[in-house]
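Only one structure is covered here, and it is reproduced in the block below.
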Amino acid sequence: MPELPEVEVTRRGIAPPLVGQTVSNVVIRTPRLRYPIPPDLTQHLVGRTLTRITRRGKYLLFDFGIGIGIGTLLLHLGMSGSLRLLPNDAQATPAQKHDHFDLVFGTTVLRLRDPRRF
């Protein structure tokens with residue numbers, strides 16, 4: 001399980017290229033992760049600009065500028081999850097079996113991968 005230092009390193013690694021970017025698409029491959037992903041999540045996120053990424057414990061909070069709690073996407077890496085920054089090119093980086101969720105920001109994709117999903 002990623003511990004606090006790994007979660008903080010992940011936050012610091014993904015924040016610079018993503019903060020200030022606008023979500024152009026959301027791809028949900030597994031709608032039931034730790035909690036069910038709302039079916040209307042795409043409608044809420046597309047067109048929103050990511051203003052900051054913070055951490056609360058082992059949760060990553062993606063703030064889309066509406067205020068904490070409202071307009072904040074919570075993400076937990078679970079037992080063995082990881083986030084990857086990939087180019088927005090489906091041919092170069094096709095989704096694999098354990099790739100559950102993509103946030104597409106123009107030319108960059110943030111992909112959640114977790115082989116041990118409960």
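In terms of heavy atoms, Ser24 sits closest to Gly106 at OG-N, 3.5 Å. Residues Phe101 and Arg29 come closest through the heavy atom pair N-NH1, 3.9 Å. Pairing each heavy atom of Leu74 with each of Tyr59, the nearest pair is CB-CD2, 4.5 Å. Smallest separation of non-hydrogen atoms from Val19 and Thr51: CG1-O, 3.2 Å.
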Checklist line | Stepwise side chain to side chain contact (heavy atoms under 4.5 Å, CB included) check, Thr49 with Gln21 | finding: CA-CA 6 Å; Thr49 301; Gln21 299 294 317; over 6 Å; no
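Formation of a donor-acceptor pair under 3.5 Å by the Arg111 side chain with backbone atoms of Thr93 is found in this model.
Remark: Thr108 engages Leu18, Leu85 in a side-chain contact (heavy atoms from CB on, under 4.5 Å) (not counting sequence neighbours). Applying the side-chain hydrogen bond (donor to acceptor under 3.5 Å, both in side chains) test to His98 and every residue at least two apart in sequence or in another chain returns nothing.
Here OG1 of Thr107 is found 11.0 Å from CG of Asp89. Values are rounded to the nearest 0.5 Å. Rounded to the nearest 0.5 angstrom, His76 NE2 and Leu60 CG are separated by 9.0 Å. Between the CG atom of Leu50 and the CZ atom of Phe64 there is a distance of 5.0 Å, given to the nearest 0.5 Å.
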Name every donor-acceptor pair, under 3.5 Å, that has one atom in a side chain of residues 8-17 and the other anywhere in the protein, sequence neighbours excluded.
residue : atom : partner : partner atom : Å
Glu8    : OE1  : Arg11   : NE           : 3.3
Glu8    : OE1  : Arg55   : NE           : 2.9
Glu8    : OE2  : Arg11   : NE           : 3.2
Glu8    : OE2  : Arg11   : NH2          : 2.8
Glu8    : OE2  : Arg12   : NE           : 2.9
Thr10   : OG1  : Glu6    : O            : 2.9
Arg11   : NH1  : Ile53   : O            : 3.1

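By the rule that hydrophobic residues join a cluster once side-chain heavy atoms approach within less than 4.5 Å of another member, Val27 and Leu41 end up as members of separate clusters. Leu75 and Val104 end up in different hydrophobic clusters when Ile, Leu, Val, Met, Phe, Trp and Tyr side chains are linked at under 4.5 Å. A continuous path of ILVMFWY side-chain contacts below 4.5 Å connects Leu73 to Val26, so both sit in one hydrophobic cluster. A continuous path of ILVMFWY side-chain contacts below 4.5 Å connects Leu77 to Ile37, so both sit in one hydrophobic cluster.
Taking the side chain as every heavy atom from C-beta outward, Val109 and Pro87 never approach each other to under 4.5 Å. Within the 4.5 Å cutoff, the side chain of Phe62 has no heavy atoms near those of the Leu45 side chain. Side-chain contact check for Asp99 versus Leu112: every heavy-atom pair is 4.5 Å or farther apart.
Using modelled atom types and a 3.5 Å distance limit, the side chains of Ser82 and Arg84 yield a donor-acceptor pair.
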